[in-house]
Colleague: 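This is the structure I have questions about; it appears just below.
To find a chain, count down the sequence lines: A is the first, B the second, and so on, and within it residues start at 1. Since the structure is predicted, the reported quantities are computational estimates derived from the model, not experimental observations.
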Amino acid sequence: MIREKLANKVQQALMEAKDAGELAFKELPEITLEQPKGKNFGDFTTNVAMVLARQVQKAPRDVAEIIINRLSHEGTLIERADVAGPGFINFYLKPDWLYEIMGTIATEGENYGRSDIGHGLKVQVEFVSANPNGPIHVAHGRGGATGDVVASLLSAIGYDVTRESYINDALNSTQMQNFGKSVHARYMQVLGYDFPMPEDGYQGDYIIDIAKDLVDEYGDKFLSVPEAERILKFTQLAQDKMLDLQKTDLAKFGVKFDVWYSERSLHESGKVQKAIDVLKERGYAYEKAGAIWLKSTEFGDDKDRTLVRSNGQPTYIAADAAYHLEKFNRGFQKVVDIWGPDHHGYIARTKAAVAALGCDPENLEVIIYQAVRLFSGGELVMMSKRAGDVILLSELIDEVGKDAARFFFLMRSSDSNLDFDLELAKSQSNDNPVYYVQYAHARICSILRKAQETGLAMPTANDVDLSPLKCSAEMDLMKKLADFPELVAEAGQLCEPHRLTRYVQDLASVFHSFYTECRVVSEDEPLTAARLALVNSTKTVLVNAFRLLGIEAPEKM
RNA sequence: GCCCCCGUAGCUCAGUGGAUAGAGCGCGGGCCUCCGAAGCCCGAAGCGUAGGUUCAAUUCUUACCGGGGGCACCA
């Protein structure tokens, strides 16, 4: 808002200068207003004079001077504008611009920070998509937190978002067969038979748990069924159990999906075959050595990929192609896939498949998040009792809690490896960023309780005079609150949720400084009222940010 | 060999085509007759190397060096 106003002012000044023959430019440059890094460079700054300098053949500082002389401050929030450094124009604003924003926060409440950048565009965020042959583990946790918050951010900026998880439940896949055989072997063992685990069988204890469940539920009634049929049956039963467990674990993590999409359903409905047919028709599928191949090299992939094996079984790529075609057919105009680091190699082939099917690969955005390592007391944690070689998400949540788990997963850019310090996440101290930010909220609630006990009215920024707010701690806090909508927009458009955790920590920090500096409930009634309004606004923004992050806003800790 | 990510303070990480590169931990020093010290304030300390593009590069680009991960008619 304020940026547009300033940009308009600058544009007006530029046009006037042009008409007066002071600046000879043909095209109006884009005028961007930024918040300067240094504290002594005003509230907003623009580099337009430097951008324009070459075109008008004048020194940048002279151009800036001309613009400033044409700026009228009358009836605006501009206090003054200066030329600085190599040719920046720095704007110093009257405090009223912040008071206006306080009013906006009070009026918009839980909607403060939302926008309509997405214009209701239908977007799907696909994440987690774990094979239903094991529990959700910590790497899925990073993907889960990332996907969930990316979805929340996109929704906040006006997209029509669907959260979706793809179930790799094709019964004929090597992994699923292996899984079924493992469960079957454990089942036989629970029944007392000396039955060997298959080679490369699933070793985790959860396989035994499933086998015990199956014995409890069905006893030995499957023994009469032929072994091959029995294994197939077990694969399905065990898959269903795994899926339920995955849903339970993810729900505990605060992650819920609108759609669980079954790979098996793609095969059974003939959509995989259909996609292959489409690829053939479009000339991007061919036969070689008894198999059918996707001509993905046409679209920048390193090599062509097998769609259908020589034994007639379609590969997962065929199913993935069908799935992505289905996404676009379902009306999604933008698709975001969130994958683990082991999948980076699939970006090229998936985009190639999408392009070969006649969809625009630009509408598919793939986010790869990097590896997660758990540390405890400086030691790398590798093994889990319950799952074998991975740590389960549920174990992590039991250990550090949902909020800490989510927050820690979101603290780093997806592009960075993530070292998760269990001790830190558990510690109830100021070292722990989750406690730090939640404490800010609890502290606010404490102040508001105190004010209520004192019998004070609870003012909002709309019904109180904010002009007593003028010290630097108060100004810094208001500025941070003012940043929120833009931060949400940026984090959403870039699909970078870590910007939000960063912001929340910054906001908590300026609030804590304000708290130390400025006593809220005091003898000075106008000041108390204004500060209470500011505290209220801070609470609103914290709560809105926490909601996006999916963490609690505790009133007491 | 090819592909992806990272290389910023002692450590873990943010950040930006521009003016003085930030935070937490750790380290040193201060602050509670007062709304929660789970807090605040002050201090020391940094853009892997070499080219290129640019008025301006830590940011874009190329090469190299270092770390992590991936390269199936498995999913």
Colleague: I need the minimum non-hydrogen distance between A:Leu469 and A:Met475, along with the two atoms involved.
Modeller: O-SD, 4.1 Å

Colleague: So, is A:Ser513 close to the B:rC41 phosphate, meaning a side-chain N or O under 4.0 Å from OP1 or OP2?
Modeller: yes

Colleague: Looking only at side-chain N and O atoms, does A:Asn133 offer a donor or acceptor that is under 3.5 Å from a partner on A:Tyr202?
Modeller: yes

Colleague: Is there a donor and acceptor pair, one atom on the side chain of A:His512 and one on the base of B:rC40, closer than 3.5 Å?
Modeller: no

Colleague: With heavy atoms under 4.0 Å as the rule, sort A:Ala440 into base, sugar-phosphate or nothing.
Modeller: nothing

Colleague: May I ask you to verify if any side-chain N or O of A:Arg54 is less than 4.0 angstrom from the OP1 or OP2 atom of B:rU54?
Modeller: no

Colleague: I want to check one thing: is the phosphate of B:rA37, taken as OP1 and OP2, less than 4.0 Å away from some side-chain N or O of A:Tyr515?
Modeller: yes

Colleague: For nucleotides B:rC4 and B:rG28, find the distance between their C1' atoms and express it as a whole number of Å.
Modeller: 42 Å

Colleague: Is there a side-chain contact between A:Ser416 and the phosphate of B:rA14, meaning an N or O under 4.0 Å from OP1 or OP2?
Modeller: yes

Colleague: Suppose we screen for salt bridge (Lys or Arg N to Asp or Glu O under 4.0 Å). Which residues come up paired with A:Lys539, at least two apart in sequence or across chains?
Modeller: none

Colleague: May I ask you to say what A:Met411 touches in the nucleic acid, namely base, sugar-phosphate or nothing, with a heavy-atom cut-off under 4.0 Å?
Modeller: nothing

Colleague: Over all strands shown, is A:His498 touching base, sugar-phosphate only, or nothing at heavy-atom distances under 4.0 angstrom?
Modeller: sugar-phosphate

Colleague: Within the 4.0 Å heavy-atom criterion, would you say A:Asn40 contacts the bases, only the backbone, or no part of the nucleic acid?
Modeller: base

Colleague: Looking for any heavy atom pair under 4.0 Å, which part of the strands does A:Glu263 touch: base, sugar-phosphate only, or nothing?
Modeller: sugar-phosphate

Colleague: Students often get this wrong, so: under 4.0 angstrom with heavy atoms, is A:Cys445 touching a base, only sugar-phosphate, or nothing?
Modeller: nothing

Colleague: Would you call the rings of A:Trp339 and A:His324 parallel, tilted or perpendicular, where under 30° means parallel and over 60° means perpendicular?
Modeller: perpendicular

Colleague: What about A:His344, does its side chain sit under 3.5 Å from the base of B:rG69 through a donor-acceptor pair?
Modeller: yes

Colleague: Expressed as a whole number of angstroms, how long is the span from A:Arg502:CZ to B:rA23:C1'?
Modeller: 5 Å

Colleague: What I want to check is whether an N or O donor and acceptor connect the side chain of A:Asn90 with the base of B:rA19 at under 3.5 Å.
Modeller: yes

Colleague: At a heavy-atom distance below 4.0 Å, what parts of residues 302-311 of chain A sit against RNA chain B?
Modeller: A:Thr306, A:Arg309, A:Ser310

Colleague: Remember a base hit wins even if backbone is also touched, and classify A:Ser446 as base, sugar-phosphate or nothing at under 4.0 Å, heavy atoms.
Modeller: base

Colleague: Is it true that A:Tyr261 and A:Tyr323 have ring centroids separated by less than 6.0 Å?
Modeller: yes

Colleague: Determine the contact category for A:Pro36: base if any of its heavy atoms lies under 4.0 Å from a base atom, sugar-phosphate if only primed atoms, P, OP1 or OP2 are that close, otherwise nothing.
Modeller: base

Colleague: Heavy atoms only, 4.0 Å cut-off, all strands: where does A:Ala451 land among base, sugar-phosphate and nothing?
Modeller: nothing

Colleague: Decide yes or no, distance alone: a donor-acceptor N/O pair under 3.5 angstrom between the base of B:rC74 and the side-chain of A:Gln175.
Modeller: yes

Colleague: Does A:Ser522 reach a base, just sugar-phosphate, or nothing at all? Heavy atoms under 4.0 Å.
Modeller: nothing

Colleague: Can you tell me how the ring of A:His137 sits relative to the ring of A:His140, calling it parallel under 30°, perpendicular over 60° and tilted otherwise?
Modeller: tilted

Colleague: Does A:Arg443 have a side-chain nitrogen or oxygen under 4.0 Å from the phosphate oxygens OP1 or OP2 of B:rA37?
Modeller: yes

Colleague: Provide the distance between the two P atoms, one in B:rG15 and one in B:rA9, to the nearest whole Å.
Modeller: 15 Å

Colleague: Looking for any heavy atom pair under 4.0 Å, which part of the strands does A:Ala84 touch: base, sugar-phosphate only, or nothing?
Modeller: base

Colleague: Strictly below 4.0 Å, heavy-atom distances to any atom of RNA chain B: list the hits from residues 126-133 of chain A, or just say none.
Modeller: A:Asn131

Colleague: Please measure how far the C1' atom in B:rU53 lies from the corresponding atom in B:rG17, and state the result in whole Å.
Modeller: 11 Å

Colleague: What is the nucleic acid contact for A:Asn168, judged by heavy atoms within less than 4.0 Å: base, sugar-phosphate only, or nothing?
Modeller: sugar-phosphate

Colleague: Would you kindly give the CZ-to-C1' distance between A:Phe407 and B:rA14, to the nearest whole Å?
Modeller: 13 Å

